[in-house]
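To keep things clear, I will list the structure first and then write my remarks on it.
Atoms considered below: every heavy atom in the structure, side chains included; atoms not considered: hydrogens, waters and symmetry mates. Since this is a predicted model, take the numbers as computed values, not measurements. First the proteins, then the strands, lettered A, B, ... as listed; each starts at 1.
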Protein chains: 2
Amino acid sequence: MEKILFLLGLIRTAGNMYGYRINELIDSHFGVIVSITRPTAYRLLEKMAQDGWISFREEQIGGRPPRKIYSITQEGERAFQRVLRESLQSYSPSEYSSPVDMAFLSALPCEEALPLLNARRDRLRGLLQALDESRMHEVGFELVFEHQRRRFETELVFTEEVIGMLASKKAGQ
Amino acid sequence: MEKILFLLGLIRTAGNMYGYRINELIDSHFGVIVSITRPTAYRLLEKMAQDGWISFREEQIGGRPPRKIYSITQEGERAFQRVLRESLQSYSPSEYSSPVDMAFLSALPCEEALPLLNARRDRLRGLLQALDESRMHEVGFELVFEHQRRRFETELVFTEEVIGMLASKKAGQ
DNA sequence: GGAGACATGTAAAGGGTTACATGATTTG
DNA sequence: CAAATCATGTAACCCTTTACATGTCTCC
């Protein structure tokens with residue numbers, strides 16, 4: 001439902017949206033907040049069109065496959081409202097699965113665990129930077145980017161704490 | 001891989017583990033940190049057994065289906081080490097998809113958005129409480145529970161901030 | 001003797017990913 | 001003229017969930 005909400009909301013909010021462009025946007029800006037691959041995006045668009053949530057007109061440019069430019073229908077708008085409400089009030093279970101790997105840190109010697117966690121920390125720093133770079137202030141996604149920044153920061157702080165614990169444990173021995 | 005890591009780690013760490021009991025544990029304690037449904041757990045156990053990562057002896061009690069009591073094999077231990085390292089050093093993309101719904105808050109009037117967000121806040125409080133209740137300090141899962149607590153708290157704080165913003169906006173009008 | 005816990009699963013259907021397929025247009 | 005970009009998709013496979021299936025044992 002999350003991916004559908006994103007796609008539907010995007011089409012609803014911005015005009016002139018077609019598959020290829022949506023996928024470009026995801027690659028360049030929104031990949032840090034939603035994960036939708038190209039075939040999935042196409043398939044969901046197709047499905048929503050079948051279900052009558054969105055309609056499209058074709059825009060032919062030269063001899064390539066025509067762009068399918070989508071817009072939301074009345075029924076789609078109803079669906080959007082429904083899904084949005086549902087999503088806002090709940091906090092769905094699939095999202096809150098925590099990286100369980102920390103439970104088994106003790107299975108590794110400190111000398112091995114530390115570089116691995118350092119790699120994770122670096123990755124998180126990279127994600128934070130990528131987030132700042134692709135932040136779009138214009139369209140109304142500010143809240144989501146801010147939300148994601150908080151999340152990454154929480155992850156980063158926690159990872160750094162664990163690294164600190166391991167390091168002091170190592171030093172103590 | 002996360003579910004496999006959890007199951008494998010559980011079998012590795014604790015003894016006397018069989019499908020039904022693992023599912024019970026997930027329901028009662030670990031449901032707040034991993035989401036694995038019953039059939040999935042059974043299927044993964046079966047698959048890992050087929051792949052030679054775990055082996056089992058059967059314990060017959062009366063005439064019911066015998067318990068399959070699993071233990072980790074050498075090959076399973078190697079797999080565990082591999083998956084654990086892989087997991088610790090990366091921060092996998094599927095996990096960091098952010099609830100995108102906040103982007104479309106403006107599609108709702110404040111009077112409607114506020115109760116929905118209040119419901120989310122309550123749900124998060126419930127999750128935090130459930131987390132504290134099922135926290136197991138014994139087995140080595142402390143870090144994961146702490147990790148998850150941080151996450152939920154971040155979510156809660158953010159949600160409360162958004163509620164505050166909406167409320168003041170509503171009052172300002 | 002019936003309800004609920006114990007213990008295993010299977011079947012069908014949905015959802016997503018990876019890799020593959022196709023062809024036109026622009027740019028260097 | 002080759003490489004990258006534009007624009008669409010399909011096919012095969014894997015994973016997960018929901019719902020169904022089966023039978024035993026224990027406790028009231």
Does B:Pro39 reach a base, just sugar-phosphate, or nothing at all? Heavy atoms under 4.0 Å. base
For atom CZ of A:Arg43 and atom P of D:dT8, their distance in whole Å: 16 Å
Which of C:dG16, C:dA19, C:dT10 is nearest the side chain of A:Lys3? It is C:dG16
Closest-nucleotide ordering on DNA chain D, the 5'-leading residue of B:Thr37 and A:Gly19: A:Gly19
Rounded to whole Å, the CZ-P distance (B:Phe56 to C:dA7) equals 16 Å
Check whether A:Tyr18 forms a cation-pi arrangement with A:Lys68 (NZ or CZ under 6.0 Å from the six-membered ring centre, at most 45° off the ring normal). no
Report which part of the nucleic acid A:Arg21 touches: base, sugar-phosphate, or nothing (heavy-atom distance under 4.0 Å, all strands). nothing
Report the nucleotide, chosen from C:dG16, D:dA7, D:dC6, that has the shortest atom-to-atom distance to any side-chain atom of A:Tyr42. D:dA7
Minimum-distance pair of heavy atoms, taken over all atoms of B:Gly15 and B:Arg21: O-NH1, 3.6 Å
Could you check whether A:Glu24 gets within reach of a base, just the sugar-phosphate, or nothing at all, counting any heavy atom under 4.0 Å? sugar-phosphate
Rounded to whole angstroms, how far apart are CG on B:Asn23 and P on D:dT17? 12 Å
Assess, by modelled atom type and distance only, whether the side chains of A:Glu155 and B:His147 contain a donor and an acceptor separated by less than 3.5 Å. yes
Rounded distance in Å - CZ (B:Arg67) to C1' (C:dG9): 17 Å
Candidate nucleotides C:dG23, D:dT16, C:dT8, ranked by approach to the side chain of A:Arg64 - the nearest: C:dG23
Rounding to a whole Å, what distance do you find between B:Leu5:CG and D:dC15:P? 16 Å
Rounded distance (Å) that lies between atom P of D:dC14 and atom CG of B:Asp51: 12 Å
Counting just side-chain N and O atoms, does A:Thr40 come under 4.0 Å of either OP1 or OP2 of C:dG16? no
Nearest-angstrom distance from the residue atom NZ of A:Lys68 to C1' of D:dC6: 15 Å
Can you list the residues that meet the salt bridge (Lys or Arg N to Asp or Glu O under 4.0 Å) rule with B:Arg121, with sequence neighbours excluded? none
For DNA chain C, whose closest nucleotide is more 5', that of B:Pro66 or that of A:Pro65? B:Pro66
Rounded to whole angstrom units, what separation is found between the CZ atom of A:Arg38 and the C1' atom of D:dG9? 10 Å
Quick one: does B:Thr73's side chain have a donor or acceptor within less than 3.5 Å of a partner on B:Gly52's backbone? yes
